[in-house]
Every structure is written in structure tokens, then in C-alpha cells.
Amino acid sequence: MPGLPFPHADQVLQIMRRRRVLAAGKLTLERAYVLTNLTIHQVTTTQLGEHVHEHWGVEALHHLRDVTLREDASKIRTGSAPRVMARLRNTALAELAGWNNHAAAVDHYRSRPDHALDLIKPTT
């Protein structure tokens, strides 16, 4: 795209997000930009929007693991312990979401990461 300081960018997508902060009753507005080297002949803006939505589904799951379960603060770093703890966190999240079968929950969110957005419920 001519004029952009990103030599391989062929499309730019602006996303405007509106969010109401429940505690304050305040409306916030945020702009985010997506750059891609895919041309308009390879992908439409609608498809790019769907991809961004799927990406935020993955981010929602990471948010739950980090904020709710404080995964990033973990000091467990050696041997197989980090993997074991990740499995325990996944099991806890599956149970929080109402799954009886952990493997089914993992398969579900792996193939439908946007559904992880449903796990984040606003608190009042």
C-alpha cells in the first residue's frame, strides 16, 4: 500500500471497539489497526474481521489463564512441572465452563477459539 512505512503491507483495516465499563457506566472507544500483506484479491475485509475475531477468542483464553489463574506469575519452570500445571489450569477452566470431559473441552476450544470469548462474563 503506497505511503505506509510498512513495505509489505497491502491492506490496512481499522477496527473501532466500543466498550462500556460496568462499574463506572462509562463508554470507551478504542481504535485498532490490522496490517496484512494479503491483497484484496486474496482476502476480503470481512474475512480479515473474522480472523481478528478468532484471534481475540484465543486471547480471551490466554486472559483467563493469566488473569484468573495467574499463569504468568508462576515460578514453576523446571522439568515437566510447567506442562503439568498447564494441564491442571486447563482442567480448571474446563470445569469452570461446565465441561465434564477435559479432552472434549480442549478439542472444542482448539477448533473454535472464538468460543473462549463466551467464558469471559462481565462482573458487577
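The model shown is predicted, which means the values in this text are computed figures rather than measured ones.
- More than 12 heavy atoms of other residues, nucleotides or ligands sit less than 6.0 Å from atom CZ of R17.
- Atom OG1 of T36 is separated from atom CD of Q42 by 8.0 Å, given to the nearest 0.5 angstrom.
- I15 is not listed as a side-chain neighbour of R31, based on a closest heavy-atom distance of 4.5 Å or more.
- Enclosure of atom CG in L27 by more than 12 non-hydrogen atoms of other residues, nucleotides or ligands within 6.0 angstrom is indicated.
- Interatomic distance, CD1 of I40 versus CG of L48, reported as 11.5 Å (0.5 Å rounding).
- For D10 against N37, the heavy-atom pair with the smallest separation is OD2-O, 2.7 Å.
- The main-chain N or O of V43 is found under 3.5 Å from a side-chain atom of Q11 such that the two form a donor-acceptor pair.
- When side chains are defined from C-beta on, V12 does not count as touching V34, because their heavy atoms never get closer than 4.5 Å.
- Using modelled atom types, no side-chain atom of S80 and backbone atom of R83 make a donor-acceptor pair closer than 3.5 Å.
- The line from CZ of R19 to NZ of K26 is 10.5 Å long, rounded to the nearest 0.5 Å.
- Here CE of M85 is found 13.5 Å from NZ of K75. Values are rounded to the nearest 0.5 Å.
- Minimum interatomic distance between L13 and G49 (heavy atoms only, all atoms of both residues): CD2-N, 4.0 Å.
- Heavy-atom minimum distance, A73 versus D66: N-OD1, 4.5 Å.
- Side-chain contact between E71 and R89 is present, with heavy atoms from C-beta onward closer than 4.5 Å.
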